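This one's a predicted model, so the numbers in the text were calculated from it and none came from an experiment.
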Amino acid sequence: KLFLFAKCQNNERMNDLQTEWFPIPTGVKQGDVLSPNLFSLFINDLALEIKQLDTGVHTDSVAAGVLLYADDVAHLTETEEDLQSVLNILQQWCCRWRPVINQAKTQIVTMPVFSCPPVLSPPPLPICLELGGVPDSSRTHLECISAPGVSACSY
């Protein structure tokens, strides 16, 4: 075991009640000064893998494909195919490192490309993008995220 986790224990208190002490074999305490640095090391390979795809929003000679802030991640792509490639990388990374993804905070946002002068039209229907899958326009992205069997991990 890492020395950081040796003999770590915790108990929970609510009002006048307190639990017995229990071991915490992994992780760091929330608010610990090491947390941001350890998380940066943890997520760095995901950012590098996505950068190698050379997808994202292109400005001059730079492609911004992933934005990281604390424990939030935003993936930027210009096409549905690029987004699917990023989701495939994310799925592989999740299988490798097993993070817990908060599906309630997970969203796909599409923004139409405007012409000059802008033409007002309804936005296109959302396409279904699945982790480890291919685009499927018969379902919305919310149906895909909550669909059983979306994860293709084998542990």
Side-chain angles (χ1 to χ4, degrees), residues 1-6 8 23-155:
K1 289 185 177 183
L2 283 171
F3 71 93
L4 293 173
F5 308 123
C8 287
I24 302 177
T26 60
V28 293
K29 287 193 228 176
Q30 186 168 348
D32 191 295
V33 295
L34 286 176
S35 295
N37 293 327
L38 291 174
F39 186 77
S40 292
L41 290 172
F42 174 71
I43 202 160
N44 189 59
D45 61 329
L46 174 63
L48 291 174
E49 289 179 44
I50 291 171
K51 185 176 180 179
Q52 289 176 349
L53 291 175
D54 195 34
T55 61
V57 178
H58 292 80
T59 58
D60 295 328
S61 62
V62 178
V66 61
L67 302 175
L68 305 168
Y69 181 78
D71 63 348
D72 293 324
V73 180
H75 303 287
L76 307 173
T77 63
E78 293 180 333
T79 68
E80 294 160 356
E81 293 79 14
D82 286 350
L83 180 56
Q84 185 62 60
S85 297
V86 169
L87 290 174
N88 291 343
I89 294 291
L90 177 62
Q91 189 260 344
Q92 293 166 6
W93 185 84
C94 287
C95 286
R96 186 169 47 242
W97 296 111
R98 301 181 189 176
V100 176
I101 305 295
N102 186 343
Q103 292 184 4
K105 291 174 59 179
T106 302
Q107 298 179 13
I108 295 175
V109 178
T110 59
M111 295 178 206
V113 177
F114 293 104
S115 60
C116 294
V119 177
L120 299 178
S121 62
L125 294 175
I127 190 163
C128 176
L129 298 160
E130 298 186 32
L131 291 179
V134 295
D136 175 3
S137 59
S138 65
R139 295 184 287 171
T140 68
H141 70 279
L142 292 176
E143 291 171 322
C144 288
I145 290 170
S146 61
V150 168
S151 175
C153 301
S154 57
Y155 300 136

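Two residues are said to be in side-chain contact when any heavy atoms from C-beta on lie closer than 4.5 Å; Trp93 and Ile43 meet this criterion. The closest side-chain heavy-atom distance from Leu90 to Leu46 is below 4.5 Å. In this structure the side chain of Leu87 never reaches within 4.5 angstrom of the side chain of His75, judged on heavy atoms. With a 4.5 Å cut-off on side-chain heavy atoms, Val66 and Lys51 do not count as touching.
Atom CG in Leu41 sits 10.0 Å away from atom CG in Leu34 (nearest 0.5 Å). Considering CG of Leu68 and CZ of Phe39, their distance stands at 7.5 Å, rounded to 0.5 Å. Atom-to-atom distance recorded for Glu49:CD and Arg96:CZ is 4.5 Å, nearest 0.5 angstrom. Atom CD1 of Ile108 and atom CG of Leu83 lie 5.5 Å apart (nearest 0.5 Å).
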(request) List the steps, then state whether side chain to side chain contact (heavy atoms under 4.5 Å, CB included) holds for Gln52 with Ile89. (result) CA-CA 11 Å; Gln52 289 176 349; Ile89 294 291; over 6 Å; no
(request) Start with the C-alpha distance between Thr55 and Val86, add both sets of side-chain angles, then the distance that settles side chain to side chain contact (heavy atoms under 4.5 Å, CB included), and finish with yes or no. (result) CA-CA 8 Å; Thr55 61; Val86 169; 3.7 Å; yes
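Neither side chain, Gln92 nor Asn88, offers a donor N or O lying under 3.5 Å from an acceptor on the other.
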